[in-house]
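Computed from a predicted model, the values in this text were never measured in an experiment.
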Amino acid sequence: MTDAVPKPKASEKAPNGARPQRPWYMLALLALIYVAGSIDRAVPSVIVEPLKAEFGLSDGQLGFVTGFAYSIPYALAVLPAGWLIDRFHRRVLLSAAAAIWSVLTMAGAAAQNFLTLVLARMGVGVTEAPASPGSLSLIGDLFPKERRTTAISLYYAGTATGQMITFLVGGWLLLQFSWRTLFFVAGVPGIILALLLFFTCREPKRGQYDEGEAKPPVSYRLAFRAIMDSKSLRHAIVGNMLSTGVSYAFLVWTISFLVRIHGVSHEYAAIIVGLCVGLMMMVGSVVTGIFTDRHARGNAARIAQVPALGTSIGAVIGIAMCLMPSLTGALVMFGLFAFFMGINTGPGYTTIVTMTGSNMRGSILSIAKIASVLIGNGGLAFFTGAASDLIGGPESIRWALMLTVFFLFWASFHFTKASRASAHEQAD
């Protein structure tokens, strides 16, 4: 197995006498666990219309079960998770979390009403809290800063892969079985991957690629102070929150958009979304990671320029998708929009990782994830559903999605400010 893993370059060898790692192998496992988590998060998005029909839900309730039911418990758990990430073995923490959330995902198959479905999703939200901050903290110690955007973009390509698997396999399963089957099938891979991470990987040395002596972990009070003292970090967190929130809202509601506006069957709409998001977002993630590392070479100000441009272009494309009168035009625009979703995610998180010291990376990434999941993902998914209910009429979801897209212009503003502020801070 070791022979199949690329040998680390000189710049990737752990300094300070640290034991050599298998960074690409561990990155692959972390990415696959993120794929499993993405599948578990996305299952309700595939079955929005069947849930609406079976439980008699409104669009606002659907927005809650796909958004806040996951994001509020996640937000409550992510700060304790960040504290643990900075102090304990991240490999053990992530292995346990992945196994538990996979079991809870399978429990969603037994939901008998709206309340029990919400409770199952709440459990998934709590146990997924350590996943992304813990993985990003590990990646920061597995790769030097000159290669982090490539590594983090490949990691977030797991979102695209997970969405593609969920929508393609989910659409096929819906043609053969009931929506409950999706919950059960989705939980199996995470248990297997959790065992592989626990038994075949080891913890990298903290801060082995950071400059200066390793520092002890800090309290959340000091982590918040670090954010408030850094104008660039504040803007990067807000920009990332808005960017990921719009992307998530589109994943939740695009199937309903295709069904209601363009008359596509629910099962085939899921397959179409899986292909568009999976392929185009994956390509965007991989291409932008390599490009950004060559463009920025570890400079946070230059890294932030990529999502600053990408979010503004994505906003224009998203508006065009919503206004397209034909199905073909809407699908072309959605494919391009998915490409820019991939472009924005990796550099957005890399900006935050690069601006943060290893001794507080878990805490600050957890704070950023609270903003991203609770306000961004949960808030904008709910906003889209509630706006659709408020607008009313057969085309309400078209106008609700278009309103949501405008938040990308706001994200672009914050990424631009983060880039400029970082350049000033480096000059000082």
Side-chain angles (χ1 to χ4, degrees), residues 34 37-38 40-41 63-88 90 93-94 97 101 118 121-140 152 155-156 159 217-249 251-252 307 344-345 348-357 359-383 407 410-411 414-415 418:
Y34 192 68
S38 297
D40 296 345
R41 289 193 300 275
F64 183 85
V65 79
T66 56
F68 282 135
Y70 169 90
S71 61
I72 291 175
Y74 183 104
L76 293 174
V78 76
L79 288 182
W83 188 90
L84 291 171
I85 289 165
D86 282 339
R87 289 162 177 81
F88 295 98
R90 295 158 289 184
L93 183 62
L94 290 178
W101 87 56
V118 166
R121 301 311 297 168
M122 290 175 67
V124 174
V126 168
T127 48
E128 281 197 10
S132 184
S135 294
L136 291 176
S137 177
L138 282 168
I139 293 170
I152 291 175
Y155 172 76
Y156 275 110
T159 300
V218 302
S219 65
Y220 268 109
R221 181 178 63 83
L222 293 178
F224 274 112
R225 179 180 295 176
I227 294 173
M228 297 309 296
D229 288 344
S230 174
K231 185 177 180 181
S232 60
L233 188 55
R234 291 200 308 272
H235 281 294
I237 289 172
V238 175
N240 192 66
M241 173 192 77
L242 295 169
S243 174
T244 56
V246 173
S247 297
Y248 183 77
L251 290 174
V252 169
N344 296 326
T345 304
Y349 276 107
T350 306
T351 301
I352 298 172
V353 170
T354 304
M355 292 176 176
T356 306
N359 64 319
M360 62 178 73
R361 197 166 282 149
S363 298
I364 287 181
L365 285 168
S366 294
I367 294 169
K369 287 299 290 186
I370 284 182
S372 177
V373 172
L374 183 61
I375 302 174
N377 295 9
L380 290 183
F382 178 75
F383 169 84
F407 284 91
W410 191 5
H414 284 288
F415 279 125

Under 3.5 Å, side-chain donor or acceptor atoms of residues 221-230 against the rest of the protein: list the pairs with distances, not counting sequence neighbours.
| unit_1 | atom_1 | unit_2 | atom_2 | d |
| --- | --- | --- | --- | --- |
| Ser230 | OG | Ser232 | OG | 3.1 |
| Ser230 | OG | Leu233 | N | 3.2 |

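Taking NE2 of His414 as the start and CD1 of Ile237 as the end, the distance is 12.0 Å to the nearest 0.5 Å. Atom CG of Leu136 is separated from atom CD1 of Ile352 by 9.0 Å, given to the nearest 0.5 angstrom. Between the NE2 atom in His235 and the OG1 atom in Thr351 there is a gap of 13.5 Å [rounded to 0.5 Å]. Of the inter-residue distances, the one linking Leu79 atom CG with Ile370 atom CD1 reads 3.5 Å to the nearest 0.5 angstrom. The distance from atom CZ of Phe407 to atom CE of Met241, rounded to the nearest 0.5 Å, is 9.0 Å.
Partners of Arg121 under the side-chain hydrogen bond (donor to acceptor under 3.5 Å, both in side chains) rule, at least two apart in sequence or in another chain, do not exist in this structure. By the ring-ring contact (aromatic ring centres under 6.0 Å, His included) test, Tyr220 pairs with no residue at all, sequence neighbours left out. Among residues two or more places apart in sequence or in another chain, the side-chain hydrogen bond (donor to acceptor under 3.5 Å, both in side chains) test is passed with Ser363 by Asp86. In this structure, the side-chain contact (heavy atoms from CB on, under 4.5 Å) partners of Thr244, at least two apart in sequence or on a different chain, are Asn240, Tyr349, Ser372, Asn377. In this structure Phe382 satisfies the ring-ring contact (aromatic ring centres under 6.0 Å, His included) test together with Phe68, sequence neighbours excluded.
Closest of all the heavy-atom pairs between Ser366 and Pro133 is OG-CB, 3.7 Å. When all heavy atoms are compared, the tightest approach of Ala249 to Leu380 is CB-O, 3.8 Å. Closest of all the heavy-atom pairs between Ala236 and Met355 is CB-SD, 4.2 Å. Nearest heavy atoms, Ala97 versus Thr127: CB-O, 3.3 Å. For the pair Ala77 and Val126, the tightest heavy-atom approach, listed with the atom from each and the gap, is CB-O, 3.6 Å. Of all the heavy atoms in Ser137 and Arg90, the pair that sits closest is OG-NH1, 2.8 Å.
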Mind running side-chain contact (heavy atoms from CB on, under 4.5 Å) on Ile139 and Val353 for me, showing each step along the way?
CA-CA 9 Å; Ile139 293 170; Val353 170; over 6 Å; no
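Using a 30° and 60° split on the angle between ring planes, Phe88 and Trp83 fall in the tilted class, from 30° to 60°.
Using a 4.5 Å heavy-atom cutoff, the side chains of Leu93 and Ile85 are in contact. Tyr155 is listed as a side-chain neighbour of Ser135, based on a closest heavy-atom distance under 4.5 Å.
Judged by distance alone, the side chains of Ser38 and Tyr156 never bring a donor and an acceptor atom under 3.5 Å apart.
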